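Presented below is the structure to which this report refers.
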Amino acid sequence: MTERPGITFQGYRRPDGRVGVRNHLLVVPTVICSSVVAERVAAAVAPIGTALPHTAGCGQLGPDMHTTHETLAAYCRHPNVGAVLVIALGCEQVVAQQLAEAARRAGKPAQIIAIQSEGGTVRTTERGIAVAREHAAELARAPRETCDISELILCVKCGGSDYTSGLASNPALGRVADRLVDLGGAAVLGEIAEIMGAEHLLAARAPQADTAVRLLRVINRVESEAIALGLDIRGTQPSPGNIRGGLTTIEEKSLGATHKGGERTPLTDVVGYAAPITRPGLTVMDTPGLDVEAVTGMVGGGAQAVVFTTGLGTPTGNPIAPVIKITGNARTAASMADNIDLDVSGVLDNRETLDRAAERLFDEVLAVCSGRETAAERLGFREFAIHRRNPTI
């Protein structure tokens, strides 16, 4: 890709020093019971207002409860969020005060309204909308400022993959990841089940032996958990859609999927689900392959933007981070044109080089981080799902 010194984008500088690419009022339900109210409050001030409806927050065993709480807190701290309104029920496991405090420690205003103490759904919704309108008016006045690209963390994700993903869109994204890391930024790659079979290639890129060991440990744990249940991961991967798209084995899928993390970018860290991404270079996060749960975790880790490659097409988005859709399949680019942001199918029929496709994607990332809406944002796709491993009690 062409050298371009001093590459910047227009973002929002936060009190904790981090940079956001969006300026949302985040309306956070502590539990499934308050999710509907949170959605109604956020809708009243959309698109600045955005909610995190979820099915967790109570009746969860220890590790899952911890993951739920830490994921919600991570979104409250996230640099794409300018203010937080917590909608509690009043008797749940998630502690509303701790979520609000997570936002305040990051320097942003945060308030709590509880349905049981406020006097029911109608009163809570009315008061929530009034509070949300005050925050939204303030956030709408906040100016963007010039920020260096080294302050960007990019989530790289694929879904609905076919043979074009591994040949065109994933390698194009990988070159963007390499370039971003060269400029001081970071990329995060998840989907542990879609690294299996290619883990040795990623491990070889780890400058520290301990990082490679942690990667292999996560891979082995995920496979062991499936075996303990009497299951074979290869029974679900590749998915039926992947097979129809021309992928034949999990190894073949993984060799294409790992291209998203670059071809030479060093593997600098391996972290747990929604844990903070703190190092430049490539971080691998322990997420499932399921698209929404994986993106939820990687954005929670601090990624401000997502590039999502797809061969078969998918509409999915995220409540606080823009999700850029890129496809290498010309038929999908035409049939799902309203969902796709960038078509790189020219790589496969020699109308475009891989370098040129990566250059266009790099420019798209900068434009989106400076405020350009993605297709998922225009269409209102804001899916959010917290990963859980244990039964609900």
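From a predicted model like this one, the values you see are computed outputs, not experimental measurements. Each residue takes its place number in the sequence, starting with 1.
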Atom pair CG/CG of Leu201 and Leu267 - distance to nearest 0.5 Å: 12.0 Å

Rounded distance (nearest 0.5 Å) linking atom CD of Gln116 with atom OG1 of Thr124: 9.5 Å

Hphob cluster co-occupancy, Val31 + Val36, side-chain heavy atoms under 4.5 angstrom: no

Residues forming a salt bridge (charged side-chain N to carboxylate O under 4.0 Å, His left out) with Asp16, sequence neighbours excluded: Arg18

Beyond-backbone contact of Thr327 with Ser345, side-chain heavy atoms, under 4.5 angstrom: no

Identify every side-chain donor-acceptor pair in residues 306-315 under 3.5 Å, counting partners at least two apart or on other chains, and give the distances.
| residue | atom | partner | partner atom | Å |
| --- | --- | --- | --- | --- |
| Thr309 | OG1 | Asn170 | OD1 | 2.6 |
| Thr310 | OG1 | Gly159 | O | 2.8 |
| Thr310 | OG1 | Gly313 | N | 2.8 |

Main-chain N/O of Gln10 paired to Arg144 side chain as donor or acceptor, under 3.5 Å: yes

Working for side chain to side chain contact (heavy atoms under 4.5 Å, CB included), residues Ile48 and Asn23: CA-CA 7 Å; Ile48 288 178; Asn23 199 26; over 6 Å; no

Pairs flagged by salt bridge (charged side-chain N to carboxylate O under 4.0 Å, His left out) wherever residues 301-312 is involved - sequence neighbours left out: none

All pairs passing salt bridge (charged side-chain N to carboxylate O under 4.0 Å, His left out) where residues 325-349 contributes a residue, at least two apart: Asp349-Arg351

Separation of Cys147 SG from Ile7 CD1 (nearest 0.5 Å): 14.5 Å

Side chains of Leu154 and Val188 in contact at under 4.5 Å (non-hydrogen atoms): no

Residue pairs involving residues 264-274 (criterion side chain to side chain donor-acceptor pair (under 3.5 Å); sequence neighbours excluded): Asp178-Thr265, Asp182-Arg264, Arg214-Asp269

Any donor-acceptor pair under 3.5 Å from Glu199 side chain to Gly197 backbone: yes

Arg13 CZ: over 12 foreign heavy atoms closer than 6.0 Å: yes

Stepwise side chain to side chain contact (heavy atoms under 4.5 Å, CB included) test for Ile112 and Thr30: CA-CA 10 Å; Ile112 302 169; Thr30 51; over 6 Å; no

Pairs involving residues 34-72, ordered by first then second residue, that meet ring-ring contact (aromatic ring centres under 6.0 Å, His included) (sequence neighbours left out): none

Same apolar cluster: Leu366 and Leu180, side chain cutoff 4.5 Å: yes

ring-ring contact (aromatic ring centres under 6.0 Å, His included) pairs, two or more places apart, involving residues 75-113: Tyr75-Phe384

Closest heavy-atom pair and its distance - Val295, Asn318: CG1-ND2, 3.9 Å

Nearest non-hydrogen partners of Ala357 and Val344, listed with the distance: CB-CG1, 3.8 Å

Arg104 side chain to Ala110 backbone, donor-acceptor under 3.5 Å: yes

Side-chain touch Ile195/Glu191, heavy atoms, less than 4.5 angstrom: no

Separation of Asp210 CG from Arg217 CZ (nearest 0.5 Å): 7.0 Å

Approximate separation, where rounding is to 0.5 Å, of Arg372 CZ and Phe9 CZ: 15.0 Å

Pair listing, salt bridge (charged side-chain N to carboxylate O under 4.0 Å, His left out) test, anchored in residues 289-310, at least two apart: Lys157-Asp291

Lys/Arg-Asp/Glu bridge criterion (N-O < 4.0 Å) met for Glu359, Arg175: no

Spatial distance of atom CD1 (Ile115) from atom CD (Glu118) [nearest 0.5 Å]: 10.0 Å

Gln208 atom CD: more than 12 heavy-atom contacts under 6.0 Å: no

Counterpart residues, side-chain contact (heavy atoms from CB on, under 4.5 Å), relative to Ala275 (two or more places apart): Val271

Contact list for residues 375-387, test salt bridge (charged side-chain N to carboxylate O under 4.0 Å, His left out), sequence neighbours left out: Arg22-Glu377

Neighbour count >12 (heavy atoms, 6.0 Å) for atom CZ, Arg221: yes

Test log, rule side chain to side chain contact (heavy atoms under 4.5 Å, CB included), inputs Thr296 and His387: CA-CA 8 Å; Thr296 294; His387 180 49; over 6 Å; no

Audit row: Lys260, Glu194, salt bridge (Lys or Arg N to Asp or Glu O under 4.0 Å) steps and yes/no: CA-CA 11 Å; Lys260 305 189 301 291; Glu194 298 183 16; 5.4 Å; no

Close side-chain approach of Cys158 and Ser165, heavy atoms under 4.5 Å: no

Leu282 and Val181: CA distance, side-chain angles, deciding distance, side chain to side chain contact (heavy atoms under 4.5 Å, CB included) verdict: CA-CA 8 Å; Leu282 177 65; Val181 171; 5.7 Å; no

Leu26 and Leu52, any side-chain heavy atoms less than 4.5 Å apart: yes

Over all atoms of both residues, closest heavy-atom pair of Ala375 and Ile340: CB-N, 4.3 Å

Met65 side chain reached by Val94 side chain, heavy atoms, under 4.5 Å: yes

Which atom of Arg205 lies closest to which atom of Gly262, heavy atoms considered: NH1-O, 3.0 Å

Intermediate values then yes/no, side-chain hydrogen bond (donor to acceptor under 3.5 Å, both in side chains), Gln60 and Thr68: CA-CA 9 Å; Gln60 293 187 278; Thr68 294; 2.9 Å; yes

Partner set under side-chain contact (heavy atoms from CB on, under 4.5 Å) for Ser150, not counting sequence neighbours: Asp148

For a quick test of your reading: what N or O donor-acceptor pairs under 3.5 Å do the side chains of residues 79-87 make, sequence neighbours left out?
| residue | atom | partner | partner atom | Å |
| --- | --- | --- | --- | --- |
| Asn80 | OD1 | Val21 | N | 2.9 |
| Asn80 | ND2 | Gln304 | O | 3.0 |
| Asn80 | ND2 | Ile320 | O | 3.1 |

Distance-minimising heavy-atom pair for Gly166 and Pro171: O-CG, 3.3 Å

Smallest separation among heavy atoms of Gly107 and Pro15, with atom names: O-CG, 3.3 Å

Flag side-chain contact, heavy atom, 4.5 Å: Thr316 against Phe381: no

Met285 with Leu216, same ILVMFWY side-chain cluster at under 4.5 Å: no

Residues Asp363 and Arg179 bridged, charged N to O under 4.0 Å: no

Cys58 and Ile32, any side-chain heavy atoms less than 4.5 Å apart: no

